[in-house]
Amino acid sequence: MLGHPRFELLLGDVEQAFELRVNKIYNLACPASPVHYQRNPVKTVRTNILGAINVLDLANKTGARVLQASTSEVYGDPQEHPQKESYWGHVNPVGVRACYDEGKRAAETLFYDYHRQHGVDVRVARIFNTYGPKMALDDGRVVSNFIVSALQNKPLTVYGDGSQTRSFCYVADLVSGLMALMESDYKQPVNLGNPLEFSMLELAKKVVAMTGSKSKIVFKDLPSDDPKQRQPDIGIAKSLGWEPKVDIHIGLQTTIHYFKRLLCAQ
Ligand code: UDP
């Protein structure tokens, strides 16, 4: 993209205020992998809160529409299943995940306060687990961890007994969902994710089978506050004309192929 005449890359920190002429802003700043966002939790809170204030101030000045990448983590360890946007969530405010969960919740608060107080044109996407090519080898989230271990015939590490569930959305589906939401007139939070739900043990077995790996599955302690289940209700997203299209088998195949090439190139 760097060579494209209509593309410009500016490097900056969302924690600092900035001036730009824009008409649409996607605020995607913040690591989403627990390993990465917990490494410097204060920075994670600052990125979420100061970042939201800075993009909202910019939107307020320029009249731009602004979309916040929020998260299924606003639901915490949910007591409602599947999760609808109307659910207020069940988050431990002082736990190790709070820097991300509460940071994103405070960002949502800021988005709706700027909307009510200043008329800023906001969109909020609550993104569920997403995977696909271009993830880093050391991303630390479950799909990439399992695939990278399986391709190296190393043990796949399942935390807890592996009965906890997640619902995985392929990255291209997620991107089209974000764009559909940006272009829609809908201002309330919208879940974006794939409702197909898996236990982590099922996922580990599937990855071992698909890679033809000799890896064993081993079990380690569950990290604290790890949500037991997660599945989006995507009724609202569907009413806006979006739903995920990429089957998990095809998505995993594409991701396995990507990591295979990445490991070969090392
Ligand atoms: N997990 C696992 N092995 C790993 C990484 C993660 O069993 O190598 C589990 C983790 O405990 C959680 C689920 O997989 O229950 C999803 O974790 P991830 O870090 O991908 O994202 P989260 O949904 O927890 O933010």
Side-chain angles (χ1 to χ4, degrees), residues 28 30-39 41 44-45 47-48 69-79 81-83 87 89-92 95-105 107 125-171 174 191-208 210-211 213 215-232 248 251-252 255-256 259:
L28 309 176
C30 192
S33 165
V35 180
H36 293 284
Y37 71 63
Q38 287 171 27
R39 188 164 295 150
T44 300
V45 177
T47 300
N48 279 310
S70 189
T71 171
S72 56
E73 290 287 324
V74 299
Y75 303 124
D77 189 7
Q79 292 173 319
H81 195 73
Q83 294 80 53
Y87 179 49
H90 182 227
V91 173
N92 173 2
V96 290
R97 296 174 82 98
C99 58
Y100 188 75
D101 301 9
E102 298 289 17
K104 291 282 187 184
R105 285 167 67 97
R126 292 186 178 153
I127 300 172
F128 284 63
N129 296 63
T130 301
Y131 72 99
K134 307 277 171 77
M135 291 180 91
L137 278 171
D138 68 347
D139 178 275
R141 276 174 288 184
V142 69
V143 174
S144 50
N145 273 7
F146 283 177
I147 293 177
V148 172
S149 299
L151 289 175
Q152 297 176 316
N153 292 310
K154 292 182 179 163
L156 273 64
T157 310
V158 169
Y159 302 148
D161 63 4
S163 62
Q164 72 273 31
T165 65
R166 296 290 187 273
S167 308
F168 296 101
C169 187
Y170 188 68
V171 62
L174 197 270
N191 288 339
L192 293 179
N194 190 324
L196 185 69
E197 189 182 0
F198 271 95
S199 78
M200 293 309 97
L201 191 55
E202 281 172 315
L203 179 70
K205 288 180 181 163
K206 192 167 175 58
V207 169
V208 170
M210 286 182 70
T211 49
S213 172
S215 296
K216 292 199 167 57
I217 296 174
V218 299
F219 295 87
K220 272 200 182 160
D221 288 347
L222 197 63
S224 59
D225 298 335
D226 199 281
K228 281 173 214 54
Q229 53 182 3
R230 199 182 279 151
Q231 186 191 32
I248 183 85
L252 285 176
T255 312
I256 290 167
F259 276 116

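Residues: numbered from 1 along the sequence shown. Just follow the structure's listing: the first ligand is 1, and inside any ligand the first atom is 1. Since this is a predicted model, take the numbers as computed values, not measurements. The analysis underlying the following values was restricted to heavy atoms, covering all of them including side chains, and did not include hydrogens, waters or symmetry mates.
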Ligand-side contact atoms (ligand 1) for residue partner P34, heavy atom cut-off under 4.0 Å: 19 (O), 25 (O)
Proximal atoms of ligand 1 relative to V158 (non-hydrogen, under 4.0 Å): 7 (O)
Side-chain touch N92/R97, heavy atoms, less than 4.5 angstrom: no
Atom pair CD1 (I127) and CG (L174), whose distance is rounded to the nearest 0.5 Å: 5.0 Å
For R141, the ligand 1 atoms whose distance to one of its heavy atoms is below 4.0 Å: 18 (P), 19 (O), 20 (O)
Heavy atoms from other residues, nucleotides or ligands near NZ of K206 exceed 12 (cutoff 6.0 Å): yes
Min heavy-atom dist R97 to ligand 1 below 4.0 Å: yes
Residue selection (non-hydrogen contact nearest atom 3 (N) of ligand 1) among T157, V142, N145, D226: T157
Side chain to side chain contact (heavy atoms under 4.5 Å, CB included) between I248 and N194, worked out: CA-CA 9 Å; I248 183 85; N194 190 324; 6.0 Å; no
Option with minimal heavy-atom separation from atom 7 (O) of ligand 1, where the choices are F128, Y159, F146: Y159
Protein contact to atom 21 (O) of ligand 1 [nearest heavy atom, distance to 0.1 Å]: N129 ND2, 3.6 Å
NZ/NE/NH1/NH2 to OD/OE distance under 4.0 Å, E102 and R105: yes
Donor-acceptor contact present, side-chain T211 to main-chain V208, <3.5 Å: yes
Protein residue, atom and distance nearest to atom 23 (O) of ligand 1, heavy-atom basis: R166 NE, 2.7 Å
Per-atom contacts, ligand 1 versus E73 - under 4.0 Å to a heavy atom: 25 (O)
Note, N191 side chain near Y75 side chain (heavy atom, < 4.5 Å): yes
Atom 13 (C) of ligand 1 [closest protein heavy-atom partner, distance rounded to 0.1 Å]: M200 SD, 3.7 Å
